[in-house]
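To start, the structure under review is shown below, and the notes come after it.
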Amino acid sequence: MRAARLECEKRWSLHRANPFFVLGLPADATRSEVEREGAKLLAMLASGIEGAERAETPLGPLTRDAESIRAALAELRDPERRLAYEWWARGLMAAGATPR
Amino acid sequence: MYIGIDLGTTNSALAAYDGTTVRVVPSAQGELLTPSVVRIDRGGTTTVGRRAFRFLESDPANTRGEFKRLMGSSERLAFEASGRTLLPEELSAAILSSVLADAREALGFSPQAAVISTPALFEVPQNHATTRAGQLAGLDQVVLIQEPVASAIAAGWAADAQGLWLVFDLGGGTLDVSLLETRDGWLRVVDHGGDNYLGGKDFDNALVDWALARLGEEHGTAQLSRDNPKARRALGKLKAACEQTKIDLTRQEAATIATPELYLDPSGNAVDVELAVTRTDLERLVSGLLDRSIEVCQSLLGKRGVPVSAIERLVFVGGPTLMPVVRRRVGEALGGRIAEGVDPMTIVAQGAAIYAATAGLEARPKATPPPTAGMSVRLEHPAVTADIEPFVVGRLLPAEGERLPARIRIEREDGGPAVEAAVATTGSFVVQVGLERHKQNRFRLRAFGADDKAVPLRSGLFAIVHGMSVADPPLSRAVGVALSDDTVHVYFAKGTPLPARRTFPHLTVQAVSPGARDDVLRIPIVQGEFQRAHRNRLIGTLHIRGEAVRRSLPAASRIEVTLELDRSGQLRARADVPGTGESFEDVAHVLVPAASAEVLERETEAARARCADVRRRAFVGNLPEVVVGVERASALLLEAGAGLPAARGGDADAAQRLHRLLLELNGLLDSAEERLEWPELEAEAFNAMHACLSWVAVFGTPAEQKMFDQALEAARLAQEQRQPGELDRQLRVIRSLGKAAYARDPESVARDFEWYSAHISDTTDVRRAQALLDEGKAALARRDLTALRSVNHRLWDLFPGTAQERRLSFGSSVH
């Protein structure tokens, strides 16, 4: 049971780190919106502005830093990978709340 | 002002970008290119560039070129007359100092920061040496950029191009091919390919070999053979003449390789060389090299599933691409849409300068601003962006007694529309500004109190350039830690955006006692894509020495290793020992290993035997796809054989090239062997599937059973398509599901324990393992399976792989 629970938790945190959730954007965000939001969050983190380090996702709160934001941007720049994240984000958002 | 430098194998160039236009700074001789050549005369005077180049053939003992190919190695290059020896990075520093002095003359200040370009396939030691060269030349800040990215930035800067680009960069020693994508003004490197052993030098060598063959027919070759160290000077002269002839043939149909009194024939008579050669002759000689370069491009496109018709633009970079035959053959093979208005010789420097602006790397010395009254403010905004409405984020920092303004306003200096935003109670604000396309947009930040009175700010002027945004540079090859069982724990996969930082736990496989000089824990850091650690390049080793630890560290201690790569691919590593609270950052940066001619000869022979063996097994096993795979290995083997005489003759560059070639060759043979093992892999898959099927069917959860079915289907497909990598991956999934189900079988704990008992001789600590076995036997006797499982976990930590695997894996002390 422990192994199954660990596996489940691992998958949960993997989905929570969906780049759309990390950036707090809907799955239909355009390339420009993705880049703009990423740049804004990186600037907010660099300025130490409150709130930038935390995001709400349909799977619970998420802590983000400059590295996770850059990684999310890199993932969404690849059209094939983005497609997979879009699919998961749509499904999970339909089941839960919209990320803020 | 932003500075970009193309530190090339043959020539170097420096470009300056002021936010509007980019220009290449000429040398003191008025040329846009500075030959990457250094000369030190008898009196110790150093000359660089064109003046040194003139001595390259007449005085090779005191004049050095092409040292970029030795960057990152410990090979010291001698200047005989002065008795001085210098590292390749010191010679590169001399080139950088020269182009920076030209910049000082042209711009009126000494640049303090610059972007320097490096080949995409440079590894960590070479990048480290390049940064060091920049520092030695007096730069405070050095950022590296991959050459193809720089080329694409420069080529796409002014154009509103969309789609896929192929950058074909044929340098003196290497071919780099990069697939890039521009969309909505954002530039992304999709993938790289290349050949580390194919460059303009090979085109020259093809002509040199032809000339040597012709001279051999007429006068005999003993005096002028590549493995005769005494022929170095004459060969240098012949090479220079061939290079010049190659250049002449880019403009004319026929030319002559001419060098008077090149060498003495067996009778002691001076031989004047005068060989007529036509452009058709040259095209025939380099045809095979061009086929290879086109194959590299096609293989890259094939890997990414991109048809040739999808390439919107083809960018040529590097001197050899000026040859009409290169443009024609490569252009025809890749769709023919060649980018216009691009100077292949300076494009890299121009792109590097524009990238310096993107990275906010101001080259002017930082002047201390005169003290002005007003509130401090910290602003964050992109220096260059493709976004027409970027965000500006700021924080006002009031001194004690000062009151925060209520709102801010950002005004355009050209009088355009202003934007306003409220200031949060923490002093922060976030606002979007509008940009005019393809120009520098200047802004002034102003602040106002609740009473609408202006609040003076200490600084508020800033500029944003609208242009192409460059995605974080991707890592060209995976980086990870070599483990004691000769596998790699990958920290950063190929393509990871930089900068990046990751931490993973490991277990030590040997003890370290405080003060013990001989106790050293080695954590080798490797770069490459191979599963077996020793096939990859060692790029650094993190040491934990007995002299440095305060408390003893027994075998199987947990340590956490952190690797960090900056934007330029510079590596930093740290090991933390949670048990003692100690941290270690003692990283030995490994140089590109020295390659002695004897070792290379032995390795070439071993590779030859291995290649023959793999080919024979492929024929016996009737595996035509492996035979095809071995063909490329055979071609590399031929090249290795051709490179040996020069390595024997003391050519350090040839030795390094051969060393890298052998690494690649062995990697290819590894893959071929993997394919040879296909029948074994299939049998293994069959057994694993059946063994796991019964475990999952009896003990698996419904979810696991569903996942198992999916993995079985994927494995079946991989078998059908004969994809060993994919089958291996699916087998791992099948095994892990099987293992999870197996663990639920109450009897599995006892079976695992039996395995450990039978293999006690493989442990790192026999005494501890013996004690654990005793503990386990007692638990088994009383049927305490929880206690037995805990014993098994601890036993696992003591089985880190065989001594042979550990030795191969650079003596790794972790798993």
Side-chain angles (χ1 to χ4, degrees), chain A residues 1-12 14-15 17 19 22-25 28-54 63-83 85 100, chain B residues 181 183-191 304-305 377-382 385-397 424-432 469 471-475 495-502 564 567 700-701 703-704 707 736-737 739-744 789:
Chain A
M1 273 317 283
R2 190 171 162 268
R5 203 173 56 239
L6 279 175
E7 183 63 26
C8 183
E9 276 169 21
K10 210 170 114 188
R11 283 176 180 280
W12 200 250
L14 212 69
H15 286 310
V22 172
L23 298 174
L25 286 170
D28 59 357
T30 64
R31 172 77 189 266
S32 302
E33 284 166 348
V34 166
E35 295 291 346
R36 183 179 291 161
E37 192 63 21
K40 183 181 88 174
L41 288 172
L42 287 171
M44 286 172 75
L45 281 170
S47 296
I49 292 179
E50 310 68 28
E53 77 292 347
R54 203 177 146 84
T63 307
R64 58 190 173 192
D65 55 17
E67 196 180 330
S68 62
I69 289 167
R70 277 198 307 270
L73 285 169
E75 289 293 288
L76 295 185
R77 281 175 193 135
D78 185 327
E80 280 174 32
R81 297 172 80 90
R82 176 184 160 127
L83 210 61
Y85 289 120
R100 288 182 301 248
Chain B
E181 183 199 41
R183 210 190 317 162
D184 304 329
W186 268 274
L187 175 75
R188 178 175 77 98
V189 180
V190 179
D191 207 349
R304 303 301 304 199
V377 59
R378 182 179 165 175
L379 280 175
E380 295 285 340
H381 59 83
T385 180
D387 191 351
I388 206 78
E389 283 181 277
F391 278 100
V392 174
V393 173
R395 173 161 252 171
L396 294 154
L397 305 161
T425 50
T426 51
S428 61
F429 58 87
V430 180
V431 63
Q432 262 179 300
S469 288
D472 287 332
L475 185 62
T496 302
L498 299 180
R501 178 191 150 104
R502 296 193 80 175
E564 201 175 341
R567 281 177 83 85
T701 63
E704 282 171 348
M707 281 168 72
S736 82
L737 288 167
K739 222 186 272 176
Y742 170 81
R744 287 191 208 106
R789 185 171 280 124

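In this view, B/Arg502 satisfies the salt bridge (Lys or Arg N to Asp or Glu O under 4.0 Å) rule with no residue, not counting sequence neighbours. A search for salt bridge (Lys or Arg N to Asp or Glu O under 4.0 Å) contacts involving A/Arg81 returns A/Glu75, not counting sequence neighbours.
One finds the CZ atom of B/Phe391 at 9.0 Å from the CE atom of A/Met44 (value rounded to the nearest 0.5 Å). To the nearest 0.5 Å, the span separating CD on A/Glu33 from CG on B/Asp387 amounts to 10.0 Å.
Shown here for A/Ser47 and B/Glu380, the closest heavy-atom pair between the two residues is OG-CG, 3.1 Å. Listed here is the closest heavy atom pair of B/Ser428 and A/Glu50: OG-OE1, 4.4 Å. Here the closest non-hydrogen pair linking A/Arg77 and B/Glu181 is O-OE1, 4.3 Å. Shortest non-hydrogen contact noted between B/Arg395 and A/Ile49 is NH1-N, 4.3 Å.
With a threshold of 4.5 angstrom between heavy atoms, A/Ala39 does not approach chain B through any atom at all. Contacts of B/Glu389 with chain A are made by both backbone and side-chain atoms, with heavy-atom separations under 4.5 Å.
Inter-residue side-chain proximity for B/Gln432 and A/Lys40 is flagged as unmet; no heavy-atom pair is nearer than 4.5 Å.
For the set A/Asp78, A/Leu73, A/Thr30, A/Leu42, the entry with the most heavy-atom pairs within less than 4.5 Å of chain B is A/Asp78.
Checking side-chain atoms of A/Glu67 against main-chain N and O of B/Arg501 turns up a donor-acceptor pair under 3.5 Å.
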